[in-house]
There are 2 protein chains.
Amino acid sequence: MKEVLPQFNSTFSIDCVVFGFDEGELKILLIERNEEPFKDWWALPGNIVEENESLDQSASRILHELTGLSNIYMEQYYTFGDVNRHPQGRVVSIAYYALLRLGGDKALKPISSYAKKANWINVKDLPKLAFDHQKIFDKGLEKIKRRIKHQPIAFELLPEKFTLTQLQNVYEVILNKKLDKRNFRKKMLSFGVLKDLEEKQQGVSFRAATLYKFDKRRYAKLFGKEISF
Amino acid sequence: MKEVLPQFNSTFSIDCVVFGFDEGELKILLIERNEEPFKDWWALPGNIVEENESLDQSASRILHELTGLSNIYMEQYYTFGDVNRHPQGRVVSIAYYALLRLGGDKALKPISSYAKKANWINVKDLPKLAFDHQKIFDKGLEKIKRRIKHQPIAFELLPEKFTLTQLQNVYEVILNKKLDKRNFRKKMLSFGVLKDLEEKQQGVSFRAATLYKFDKRRYAKLFGKEISF
DNA sequence: GCAAAAGTGTTCATGATACACCCATGA
DNA sequence: TCATGGGTGTATCATGAACACTTTTGC
């Protein structure tokens, strides 16, 4: 049966824009390539899709190999297929963005070794990227800018317990503009999806802020999928 | 160089959800398949991407072969890659939606012959579709529902000269809800991107409506890309 | 006591919604 | 003259935007 399909030398890959938020900065995970082409260049983590895995599975696998983490929030957002985007042949790349909580215990534990090293790099300070990865990144950033206005994705970038100021910070960095503190809090709390943990920040040298938690159940109940953050 | 790439029996294709609006109804173009698998089933128009064309080019080509038209408004929106979505092997499909003006002179002039016939079918009355095409359609419809709220895509479904009632109809059918006539007109006109042609409808058996035209230049000037229709 | 961030309300402008009647035309 | 859709305005409500000071805490 299989030989019925038309065929030429082509393949497809996944590339991931992995966003992390740390100390008020939005970063992405870049790897320094070990192999030609673009040896020694910085690139988005990515890999070839294997025969027996779906695209989503492949993206999860790549992230797992890279970070040792599972259950990362990811979404497919665009597919890049210009004829000459890969110097060694026709490679169509399906792009995903991922969001994860940085800081604290979760250091990177890379499993695979196709990269010399992986690094978190501030999105405002990106080096020149291999292939068409700059384009892929740009579109990914644009995507989460839109997304964060209507879906509760900001919480994926924060620890489970967070302060309202940290949350506002995520919005400010992603949207790249200052927001009004009072209006932000009023609006956020008005959705009724933040649970006041009646618990304070620890170890800060100033007034400790209240910790909140995103209440997923309540969110799902109130709004199927739609809201305007 | 080319043999460096990992490879297995796989390929990629484009599938298109081609929307057309006619007499108050939203329709899509379906073809009846001529070949196995799913011979005699209805399916979305689509084809294998060729070696020397980008994804966008491929989508345009497919639409051109199918309709004889060029310069159709299209956008890539999702890529479907489940392992068993195609019974003959691994086929990853990149989905596009297209919008075009129906009615009047523009009958279909199919060029290719992989289909027995192509038909416009009301989206409320779709038959069972081949492969995972129902899923592809669902996601496409969802996409234009969102899109129409922020981008001027409704005009792509109308003739160059249209009445406000026709425009409202497009919104109502895509969003699947009634809108208030006065509020709709007020809002639409307030954007300042509709040009009053000082010309009336012809050949109607009731009061003729004013014809308008979408003013692309003015739109581009006023709003880079963003607006809330 | 001071530095640093937490926390808190009101006013105003704008946009969204609800709602009903007269007008022009062709048959 | 009647059937059909074209065309119009106002009042109310909800939401978003602007804006500054007091409180708490650790050092």
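Heavy-atom distances to DNA chain C give each of Leu189(A) and Asn183(B) a nearest nucleotide, and the one nearer the 5′ end belongs to Leu189(A).
Between Arg182(A) and dC19(D) there is no side-chain N or O to OP1 or OP2 distance below 4.0 Å. The shortest distance between the side-chain N/O atoms of Lys200(B) and the OP1/OP2 oxygens of dG5(D) is not below 4.0 Å. For the pair Ser205(A) and dC27(D), the criterion of a side-chain N or O lying under 4.0 Å from OP1 or OP2 is not met. OP1 or OP2 of dT8(D) has not a single side-chain nitrogen or oxygen of Lys181(B) nearer than 4.0 Å.
Using a cut-off of 4.0 Å between Lys/Arg side-chain N and Asp/Glu carboxylate O, Glu75(A) and Arg147(A) are scored as salt-bridged. For Arg85(A) and Asp132(A), the salt-bridge test passes: some basic side-chain N is under 4.0 Å from an acidic carboxylate O.
Atoms OH and OG1, on Tyr96(B) and Thr79(A) in that order, are 8.5 Å from each other to the nearest 0.5 Å.
In this pair, Phe229(B) and Phe191(B) present their aromatic rings perpendicular. The plane angle is above 60°, beyond the 30 to 60° band.
Among the protein residues, Thr163(B) comes within range of no part of the nucleic acid, since none of its heavy atoms lies under 4.0 Å from any strand.
One cannot find a donor-acceptor pair under 3.5 Å joining the base of dA24(C) and the side-chain atoms of Arg207(B). A donor N or O paired with an acceptor N or O is not found under 3.5 Å between the base of dT17(C) and the side-chain atoms of Lys187(B).
Atom CZ in Phe162(A) sits roughly 16 Å away from atom C1' in dA6(C) (whole-Å rounding). The interatomic distance linking Gln166(B) (CD) with dG6(D) (P) rounds to 9 Å, in whole Å. Between the CD atom of Glu172(B) and the P atom of dG5(D) there is a distance of 13 Å, given to the nearest Å. The distance from atom CD of Glu198(A) to atom P of dG7(C) is 13 Å, rounded to the nearest whole Å. One can place CE of Met188(A) at 15 Å from C1' of dT15(D), the figure rounded to the nearest angstrom. To the nearest angstrom, C1' of dG7(D) lies 12 Å from CD of Gln168(B). Atom-to-atom, CG of Leu164(A) to C1' of dA6(C) comes out at 10 Å; the value is rounded to the nearest Å. Put simply, NZ on Lys178(B) is 16 Å from C1' on dA18(C), counting in whole angstrom units.
Under the ring pair (Phe, Tyr, Trp, His ring centres under 6.0 Å) test applied with Phe162(B), the options Phe155(B), Tyr212(B), Phe21(B) reduce to a single match, Phe155(B).
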